[in-house]
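The structure appears below as structure tokens.
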Amino acid sequence: MVATSPSAPATASQLHSTLHTTVIDWYEANARDLPWRTPDASPWAVMVSEFMLQQTPVKRVLPAYAAWLERWPTPADLAADAPGEAVRMWGRLGYPRRALRLHAAATAITEDHGGEVPSDHAALLALPGVGEYTAAAVASFAFRQRHAVLDTNVRRVFARAVTGVEYPAQATTAAERRTATELLPARAETAATWAVAVMELGALVCTARSPECAGCPLRAECAWQRAGRPPYVGPARRGQTYEGTDRQVRGKLLAVLRDAHGEVAQARLDEVWHDAVQRARALDGLVADGLVEPVGPGVYRLPQ
DNA sequence: CATCCGTGGAC
DNA sequence: TGTCCAAGGAT
């Protein structure tokens, strides 16, 4: 038996419990009112939001999310339509392969899961476009299960509050997974709320650029704060160059296809980029990815 | 495990 | 103004 004071938490379990209460209380008072968090949001709606939120900010997702679910309220509705329609509906959210994968996931759900988004983590992970994060997020948010949900926000909160550094490493480490697992509340329902609460804290307060430490509920116990908020030291954090890349050319090509609503002749595509070699490489890449379908010599369209 | 994959907004 | 970065996944 360990002697513990009745007033001060002494065990790790008690410390964690205090941490959970602090963050969850903050969440209850400060959470954004997002449509995929409402009680009537279906597991499919949660899954759609998670796909769209992969590397795209909430503000830009909101209108696309509403339009998507209005058109395809269930996985079967989406699966019944052409993949090209998903790509078109995706609009300018970026990374359009996500649209293709969401369509493929909807097809798999329809064919292999009776049209219902699976609640099992392994089954979710097996779906196209669903990785470690998204599987945990859907299982946690939609089905209130107990999973470590480790996204960029949570990783940053842990880096600061637990490790005492400004930014996490580039790639997720085993130590981070261990931290996320250890801090997970025992009760599934509490764990699910904790997961979304820590994410929200990272998104609203413990932000990448200019964290609002003054308004942070973890200010007193944050390791980074206690250390005097030392600046990041380490290898330069990679900047994403975009201008002149194949990604930019792909984007321009696909924009023409999206807006065309039908077949597009080569000449229309040739207008978007001056370098014929890079243009051809980008178009080949789009075809290889299944985002574009050749229908004849010099004629293309979105996949049907 | 590093790299590729869009787009736009904030500073 | 250019840099940074935003609920990642696949290879």
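Since the model is a prediction, treat every value here as computed from it, not as a measurement.
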Rounded to the Å, how far apart are [X] [atom1] and [N] [atom2]?
{"X": "A:Arg101", "N": "B:dC4", "atom1": "CZ", "atom2": "C1'", "result": "10 Å"}
{"X": "A:Gln170", "N": "B:dC4", "atom1": "CD", "atom2": "P", "result": "13 Å"}
{"X": "A:Asp246", "N": "B:dC4", "atom1": "CG", "atom2": "P", "result": "9 Å"}
{"X": "A:Arg281", "N": "B:dC5", "atom1": "CZ", "atom2": "C1'", "result": "14 Å"}
{"X": "A:Trp90", "N": "C:dG9", "atom1": "CH2", "atom2": "P", "result": "12 Å"}
{"X": "A:Leu125", "N": "C:dA10", "atom1": "CG", "atom2": "P", "result": "8 Å"}
{"X": "A:Glu243", "N": "B:dG6", "atom1": "CD", "atom2": "P", "result": "15 Å"}
{"X": "A:Arg247", "N": "B:dT3", "atom1": "CZ", "atom2": "P", "result": "12 Å"}

* Asked: Looking at DNA chain B, which of residues 26-56 of chain A put a heavy atom within less than 4.0 Å of it?
  -> A:Gln55, A:Thr56
* Structure fact -> Here the residues of residues 197-204 of chain A within 4.0 Å heavy-atom distance, strictly under, of DNA chain B are none
Does [X] reach the main-chain N or O of [Y] with its side chain, forming a donor-acceptor pair under 3.5 Å?
{"X": "A:Arg101", "Y": "A:Leu127", "answer": "no"}
{"X": "A:Thr38", "Y": "A:Leu34", "answer": "no"}
{"X": "A:Arg156", "Y": "A:Gly202", "answer": "yes"}

Tell me, please, which residues at least two apart from [X] pass side chain to side chain donor-acceptor pair (under 3.5 Å).
{"X": "A:Glu271", "answer": "none"}
{"X": "A:Gln248", "answer": "A:Glu243"}
{"X": "A:Arg146", "answer": "none"}
{"X": "A:Trp36", "answer": "none"}

* To do: Answer whether the closest heavy-atom distance between the side chains of A:Trp194 and A:Val149 falls below 4.5 Å.
  => no
* To do: Using a 4.5 Å cut-off on heavy atoms from C-beta on, say whether the side chain of A:Trp90 contacts that of A:Leu93.
  => yes
So [X], base contact, sugar-phosphate only, or nothing? Heavy-atom distance under 4.0 Å.
{"X": "A:Arg92", "answer": "sugar-phosphate"}
{"X": "A:Leu93", "answer": "base"}
{"X": "A:Ala171", "answer": "nothing"}

* Is atom CD of A:Glu132 surrounded by more than 12 heavy atoms (other residues, nucleotides or ligands) closer than 6.0 Å? -> no
* Asked: Should the heavy atoms of other residues, nucleotides or ligands under 6.0 Å from CD of A:Gln266 be counted, would the total exceed 12?
  -> yes
* Asked: Do any side-chain nitrogens or oxygens of A:Tyr95 fall under 4.0 Å of OP1 or OP2 in C:dG8?
  -> no
* Contact list for DNA chain C against residues 127-141 of chain A - heavy-atom distance below 4.0 Å -> A:Pro128, A:Gly129, A:Val130, A:Gly131, A:Glu132, A:Tyr133, A:Thr134
* Asked: Going by heavy atoms closer than 4.0 Å, what residues in residues 146-166 of chain A are next to DNA chain C?
  -> A:Asp151, A:Thr152, A:Asn153, A:Arg156
* Asked: Salt bridge between A:Asp259 and A:Arg88, side-chain N to carboxylate O under 4.0 Å?
  -> no
* To do: Answer yes or no: is there an ion pair linking A:Arg155 with A:Glu176, defined by an N-O contact shorter than 4.0 Å?
  => yes
* Can you run down the salt bridge (charged side-chain N to carboxylate O under 4.0 Å, His left out) pairs that involve residues 37-57 of chain A, sequence neighbours left out, and say none if there aren't any? => A:Arg37-A:Glu200
Mind listing the side-chain donor-acceptor pairs of residues 295-304 of chain A below 3.5 Å, one per line with the distance, residues two or more places apart or on another chain?
unit_1, atom_1, unit_2, atom_2, d
A:Arg301, NE, A:Glu293, OE1, 2.9
A:Arg301, NH2, A:Glu293, OE1, 3.0

* To do: Scan for side chain to side chain donor-acceptor pair (under 3.5 Å) pairs involving residues 64-83 of chain A, sequence neighbours excluded, and state none if there are none.
  => A:Arg71-A:Glu85, A:Trp72-A:Asp81, A:Thr74-A:Asp77
* Do A:Val130 and A:Met52 share a hydrophobic cluster, counting only Ile, Leu, Val, Met, Phe, Trp and Tyr and linking them when any side-chain heavy atoms are less than 4.5 Å apart? -> yes
* **B:dG6 and C:dT11, which share atom name P, separated by this distance in whole Å** => 14 Å
* **Integer angstrom distance from the P of C:dA7 to that of B:dA2** => 22 Å
At a cut-off of 3.5 Å, list every protein nitrogen or oxygen paired with a nitrogen or oxygen from nucleotides 9-11 of chain B, distance to 0.1 Å.
none

